[in-house]
Amino acid sequence: MEESKDQILTEVTKADYKYGFFSDIETDTIPKGLSEDVVRLISEIKKEPEFMLEFRLKAYRHWLTMKMPQWAHLRIPEIRYEDIIFYAAPKQVVGPKSLSEVDPELLNTFNKLGIPLEEQKHLTGVAVDAVMDSISVKTTFRETLAELGIIFCSMSEAIREYPDLVKNISDRGSLYGQFFRLTEFGCI
């Protein structure tokens with residue numbers, strides 16, 4: 001029985017991933033690992049206000065005191081945080097004037113995701129809840145929801161456009177602390 005489990009695991013991990021795809025797009029990344037310096041760098045790249053940096057640093061320091069939970073019947077291998085790149089974004093170019101100036105691989109990715117041509121034209125110059133690497137590239141139904149008084153946008157956008165609202169929520173401290181993953185995500 002154990003041998004058949006090993007065989008299945010080997011077959012699955014050695015096979016090509018058939019449920020997704022890879023986009024070979026030129027990307028800006030930061031060094032691997034999670035540290036106070038990485039938290040500061042990500043906040044700087046995102047041009048976040050000081051209160052957000054302080055929130056992330058507080059979450060990071062608390063996260064360091066926590067242990068990954070052990071869920072029943074799951075054997076999750078230890079995560080090697082030192083091998084993870086916590087921020088990546090497609091390289092920014094000066095706003096393209098037409099689709100012919102956009103990286104063909106990015107357009108190919110949009111096609112694979114089923115994004116119509118008119119949406120592609122809109123998306124190629126602006127990072128606007130489809131996420132590519134570490135940035136939001138599309139938030140759907142934003143205007144319709146806004147008419148109903150609902151704010152629906154990426155977290156980075158909310159920090160820029162509604163800083164007082166985000167600060168009010170982050171000041172409550174309930175966004176991290178009790179749950180390992182939520183605290184981890186609060187860092188980045």
Side-chain angles (χ1 to χ4, degrees), residues 12-64 66 68 76-97 99-115 119-140 153-161 163 166 170 175-176 179-188:
V12 169
T13 58
K14 300 293 182 199
D16 287 336
Y17 181 63
K18 61 183 178 183
Y19 302 106
F21 57 88
F22 171 79
S23 297
D24 190 17
I25 295 174
E26 198 171 354
T27 305
D28 286 322
T29 61
I30 63 170
K32 292 178 180 181
L34 187 55
S35 66
E36 278 201 25
D37 288 341
V38 166
V39 172
R40 289 178 189 282
L41 179 59
I42 292 171
S43 191
E44 181 183 326
I45 291 169
K46 293 180 174 184
K47 297 178 174 70
E48 293 180 337
E50 186 66 24
F51 81 85
M52 201 64 216
L53 172 60
E54 291 307 316
F55 172 85
R56 294 190 187 289
L57 289 171
K58 191 173 177 183
Y60 172 73
R61 291 174 188 134
H62 184 71
W63 177 75
L64 289 174
M66 301 175 80
M68 177 137 154
I76 301 172
E78 184 177 338
I79 297 172
R80 298 175 48 88
Y81 293 97
E82 67 275 8
D83 291 336
I84 298 172
I85 295 171
F86 285 90
Y87 181 88
K91 279 201 185 278
Q92 293 295 314
V93 294
V94 176
K97 293 177 180 57
L99 282 179
S100 64
E101 296 178 10
V102 176
D103 181 342
E105 189 63 28
L106 182 58
L107 295 177
N108 188 31
T109 299
F110 287 154
N111 287 328
K112 288 177 184 176
L113 292 171
I115 298 173
E119 285 293 316
Q120 292 180 29
K121 289 178 182 176
H122 176 71
L123 292 174
T124 53
V126 180
V128 264
D129 244 334
V131 174
M132 176 162 246
D133 292 326
S134 299
I135 63 168
S136 172
V137 294
K138 176 62 179 163
T139 302
T140 58
C153 60
S154 71
M155 188 64 187
S156 291
E157 211 170 347
I159 291 166
R160 279 192 313 274
E161 295 183 23
V166 174
S170 66
L175 297 178
Y176 69 86
F179 304 103
F180 184 83
R181 287 283 175 240
L182 195 55
T183 303
E184 176 185 351
F185 296 136
C187 307
I188 53 174

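Here the structure is a predicted model, which means the values were calculated and not measured.
- Taking 4.5 Å as the limit, some side-chain heavy atom of M155 sits within range of a side-chain heavy atom of V166.
- Taking the six-membered ring where tryptophan is involved, the planes of Y81 and W63 are perpendicular, since the angle between them exceeds 60° and thus also 30°.
- Expressed to the nearest 0.5 Å, how far OG of S35 lies from CZ of F86 amounts to 9.5 Å.
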- Going through the distances and angles, do I159 and K47 end up as a side-chain contact (heavy atoms from CB on, under 4.5 Å)? CA-CA 9 Å; I159 291 166; K47 297 178 174 70; over 6 Å; no
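- In this structure, T29 and A88 approach most closely via the heavy-atom pair CG2-CB, 3.8 Å.
- Across D83 and K32, no two heavy atoms sit closer than the pair O-CD, 3.8 Å.
- Contact annotation: the side chain of K46 never approaches that of M52 to less than 4.5 Å [non-hydrogen atoms, C-beta and beyond].
- When the side-chain hydrogen bond (donor to acceptor under 3.5 Å, both in side chains) test is applied to E36, the partners found at least two apart in sequence or on another chain are R61.
- Closest approach of I30 to I85, counting heavy atoms only: O-CG2, 3.6 Å.
- Between I42 and E48 there is no side-chain heavy-atom pair separated by less than 4.5 Å.
- Residues P31 and L41 are in side-chain contact: their nearest non-hydrogen atoms beyond the backbone lie under 4.5 Å apart.
- In this view, E82 and R80 satisfy the side-chain hydrogen bond (donor to acceptor under 3.5 Å, both in side chains) rule, not counting sequence neighbours.
- Residues I84 and L34 form no side-chain contact, since every pair of their non-hydrogen atoms from C-beta on lies 4.5 Å or further apart.
- Here the side chains of V38 and Y60 are not in contact, with every heavy-atom distance at 4.5 Å or above.
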